[in-house]
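Reading through the structure tokens given below for one structure.
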Number of protein chains: 2
Amino acid sequence: MPKQPSTKALKNAGEIDEKIRARNIREILKAATEIFSRKGFDGARIAEIAEASGLPKANVYYYFASKEEIYRAVIEHLIEGWDDAFAHISADREPQDAIRSYIAAKLSYTRRNVIESRLFANEIIRGAQFLSRKDRQHMRTVTDEKVKVIEDWIAAGKLLPVDPRHLFIMLWSATQFYADFEPLACDALHTTKLKSLDYSVAAETISETVLRGLLPVGQMGG
Amino acid sequence: MPKQPSTKALKNAGEIDEKIRARNIREILKAATEIFSRKGFDGARIAEIAEASGLPKANVYYYFASKEEIYRAVIEHLIEGWDDAFAHISADREPQDAIRSYIAAKLSYTRRNVIESRLFANEIIRGAQFLSRKDRQHMRTVTDEKVKVIEDWIAAGKLLPVDPRHLFIMLWSATQFYADFEPLACDALHTTKLKSLDYSVAAETISETVLRGLLPVGQMGG
DNA sequence: TAATAAGTTGACACTTTGGTCAGGTTTTGA
DNA sequence: TCAAAACCTGACCAAAGTGTCAACTTATTA
């Protein structure tokens, strides 16, 4: 089974002539992400993924041994961007700015990556069966780190006492909702498609409500 | 096709001898709810639903013409309990009590009905394709009604200004999260299964945060 | 440039699964 | 009591879907 990447080094600094293997795998994963997101694991058809990636089905099986292997690869890929928005929750910032930025970043991310967001949500609802131990551990570690930041802010009197873990759950759920449950959000907001303004108002509402609830009296800006 | 319910009236006031048709349909829908929730529409197998409801597959098809018909029936059933918690948001209550009760009721409902909750979430993520026009209209109507209540509270100076629709989205997402995304919640809370205490702290955190953020200064109880 | 590795692909094997059906049994109602 | 309606079910089918394979072409490298 000649499925290992060749050991040949890159000839060019630029990736102008991307290697066949890399390109095909990338195309397959891209198509798979889209289709798994729309149809779920069971609903997705390999033939459809193949067509969407411009390859015959047998060629897809040349790179991946099974449907499950493709799915795992896709999921693993998703996790990579999971904690980007979390970077805003950093000890050296003022909680007000940090939380506001986090909410804005998370909403913006889910808006720009609806497909990935839904796929992730779907995987979790199904019991996170294909999320590797390593990935889950990573998520836990990052969360713990940020919990610590919140706790320090509380200890420093910069935030009213709150359970940081439940706080993160609140923020996570609120910011995911618009992308993951778009039909419900649309119904609630009397629109047929979420627009830029809807996301702005969402960010504003979440930020204001949460911050007014967490900042000591007299510390609300803007 | 003798698939209409018989016109015969109930002989007994009590439903002791439940009619065959009613019982079987109930069993099928019960099993189907469970299995659709765990596996999704495509992942669910009619044979499995049949087995779980104690009927041979062909018998399931005696009552339902297709998989889709079963699924639709299940979804329609779900909607029935959708607005129960919303009853707490009523104009004649104080916003503080009303919102607190709503959060508690919603959390309690999702906890007691995890299966239904996940199935519903799943259906929405997939684009709410099988939610009937009527059901969506119903949800919109109920929401509008409650939006009005919030607006009146704001007008009466009992709540700080907030977009009621986005507020509902916040509450809805936060209260759904624990049941729908249990694996994530467990990771975040460092536990393997959500316990009663976790739900209490969740209710407390959501209520306190939101209420402190919405009530005019000096109106927080507890 | 020749030999080996990597990539390609149509056709096919095999399994699963939604759905059907003919002929059976039980229930109902007059 | 008996005919009609309702209910039941094993056996079957066609379609769809995953995964395989042998033969082929293209790329690499010594």
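Values below: all heavy atoms of this structure, side chains included; hydrogens, waters and symmetry mates excluded.
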Indicate yes or no: at least one non-hydrogen side-chain atom of [X] is less than 4.5 angstrom from one of [Y].
X	Y	value
B:Arg111	B:Leu194	no
B:Glu123	B:Phe41	no
B:Leu131	B:Ile124	yes

With a 4.0 Å limit, can you tell me whether [X] has a side-chain N or O closer than that to the phosphate oxygens OP1/OP2 of [N]?
X	N	value
A:Tyr61	D:dG19	yes
B:Arg21	D:dA6	no
A:Asn24	C:dT8	yes
B:Tyr63	D:dC8	yes

Could you state the atom-to-atom distance from [atom1] of [X] to [atom2] of [N] in whole Å?
X	N	atom1	atom2	result
A:Ile35	D:dG17	CD1	C1'	15 Å
B:Glu27	D:dC7	CD	P	16 Å
A:Lys39	D:dG17	NZ	C1'	13 Å
B:Ile25	D:dA6	CD1	P	13 Å
B:Glu51	C:dT17	CD	P	12 Å
B:Phe64	C:dG18	CZ	P	15 Å
B:Asn59	C:dT26	CG	P	14 Å
B:Tyr62	C:dT26	OH	P	15 Å

Which word best sums up how the rings of A:Tyr102 and A:Phe86 line up, parallel for under 30°, tilted for 30 to 60°, or perpendicular for over 60°? parallel
Which is more 5' along DNA chain D, the nucleotide nearest A:Arg45 or the one nearest A:Ala58? Just name the residue.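 Closer to the 5' end of DNA chain D: A:Arg45.
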Per nearest nucleotide of DNA chain C, the residue lying toward the 5' end, B:Lys57 or B:Ile20, is B:Lys57
Under 4.0 Å, counting only non-hydrogen atoms across every strand here, what does B:Ala50 touch: a base, just sugar-phosphate, or nothing? nothing
Can you name the nearest heavy-atom pair linking B:Lys39 to B:Ala44, along with the distance? CB-N, 3.7 Å
